[in-house]
Protein chains: 2
Amino acid sequence: MAPVKKFRELDENLVRQKEAAFADFIQKKGLKTTRQRNTIISTFFRLRGHISVEELLNQVKQVNPRIGYATVYRTLHLLVESGLVEERRFGDGLARYEGHSDVEHHDHMICLECGEIFEFFNPRLEALQESLAEENNFQIFRHRLELYGACKDKDACQKRKARGNAAAGAE
Amino acid sequence: MAPVKKFRELDENLVRQKEAAFADFIQKKGLKTTRQRNTIISTFFRLRGHISVEELLNQVKQVNPRIGYATVYRTLHLLVESGLVEERRFGDGLARYEGHSDVEHHDHMICLECGEIFEFFNPRLEALQESLAEENNFQIFRHRLELYGACKDKDACQKRKARGNAAAGAE
DNA sequence: TGGATTACGAAAACTGTTTTCATTTTCGGC
DNA sequence: GCCGAAAATGAAAACAGTTTTCGTAATCCA
Ligand SMILES: [Mn+2]
Ligand SMILES: [Mn+2]
Ligand SMILES: [Zn+2]
Ligand SMILES: [Zn+2]
């Protein structure tokens with residue numbers, strides 16, 4: 001009867017689940033639980049999207065302003081090592097991080113006009129990659145596929161595209 | 001009669017063609033022809049593969065040891081701007097450059113064991129990307145697809161894979 | 001060939017990230 | 001609850017790749 005609240009609850013549960021999984025990882029590695037790490041991961045898991053280190057640090061500082069870059073970097077490495085988080089690089093020079101959503105693997109479309117990032121997954125595409133690898137006697141461990149362009153829906157993107165200052169394709 | 005030589009000649013012609021195209025570009029931009037730029041581009045076009053700045057500088061220095069990083073970087077930017085060269089990043093932190101081959105666009109398989117890079121192109125894959133973009137009302141300007149894994153042919157890669165120190169998928 | 005314009009090269013600056021190191025915190029055993 | 005070894009923190013320095021600066025030199029058109 002309260003679908004919005006329901007989603008929020010579910011999301012909150014997922015976050016707690018991830019926090020628990022990370023705690024597990026930390027313990028199994030013989031590392032220590034610290035206030036800073038807890039702050040960082042619970043902040044991170046409550047953010048959505050593809051988060052840069054600076055973005056994360058800014059949020060974290062609102063909870064504990066004494067936390068610095070080093071600890072955020074170190075914690076992100078642990079999160080990646082734990083398998084709960086993936087690092088992405090979309091060519092703007094900064095690493096971005098995202099917690100796994102329910103979709104295990106996905107690829108990205110990046111709008112060069114508005115910066116929005118769309119996620120997609122297509123089994124045929126994945127299978128085709130596999131079969132091409134096979135042909136070349138190559139075994140895929142992982143892959144990255146990024147489509148850079150413009151989302152036609154957005155007003156801003158259409159406008160800029162019409163003015164032609166995007167088609168150049170410059171970074 | 002001399003197929004190897006023939007290929008070499010053809011290749012040499014292609015290089016000269018590119019050098020001419022770059023000269024054109026320089027002139028149309030109102031820039032100046034210099035000994036350093038000539039050395040750099042003719043060295044670059046005679047190398048094959050995905051060349052890092054350091055690799056290029058090392059080669060260039062054998063012709064003229066006084067040429068420095070700055071000029072190599074600047075010349076590579078011009079080459080990219082001219083459209084004769086493309087920048088690639090395969091995740092090892094360095095930019096790599098490749099002159100267009102006859103194949104206009106291609107994607108890459110990167111062996112994490114031996115570092116070898118295989119190039120491929122598949123129209124079905126490209127078309128599938130297009131149609132997925134279409135579905136999302138997205139217009140692709142460019143894309144990048146990289147398959148990371150192991151080439152099964154190579155002895156070294158097979159051996160290491162068997163020992164299991166590769167499957168972890170760590171960077 | 002003069003002279004405005006562009007390029008060069010060494011070194012400094014920059015950016016994102018990693019490391020160092022002195023200090024503090026954690027946590028299992030007492 | 002305290003001890004002490006082990007691990008974590010944070011400020012600052014170091015690092016790596018790349019870009020910029022700035023004084024000097026080369027280019028090239030009138
Ligand atoms: Mn994503
Ligand atoms: Mn290539
Ligand atoms: Zn995929
Ligand atoms: Zn492609």
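As the structure is a computational prediction, the values presented were derived from the model and not from experiment. Order of the sequence lines fixes the chain letters, A, B, ..., with proteins taken first and strands second; residue numbering starts at 1 for each chain.
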Atom CG of A:N38 and atom P of D:dA8 are separated, to the nearest Å, by 13 Å
The single option from B:R88, B:R96, B:E98 that satisfies side chain to side chain donor-acceptor pair (under 3.5 Å) with B:H50 is B:E98
| request: Would you check if A:I117 and A:E146 make a side-chain contact, meaning some heavy-atom pair closer than 4.5 Å? | output: no
B:L57 atom CG is separated from D:dT18 atom C1', nearest whole Å, by 13 Å
Flag for B:N13-B:R16: side-chain donor and acceptor within less than 3.5 Å: yes
The contact string for nucleotides 6-20 of chain C, one letter per nucleotide 5' to 3', using protein heavy atoms under 4.0 Å with B, S and - for base, sugar-phosphate only and none, comes out as SSBBB-----SBBBB
Rounded to the nearest 0.5 Å, the CZ atom of A:F120 sits from the CG atom of B:N136 at a distance of 8.0 Å
Note to self: Under a plain distance cut-off of 3.5 Å, with no hydrogens placed, do A:Q129 and A:H143 share a side-chain donor-acceptor pair?
What the structure shows: yes
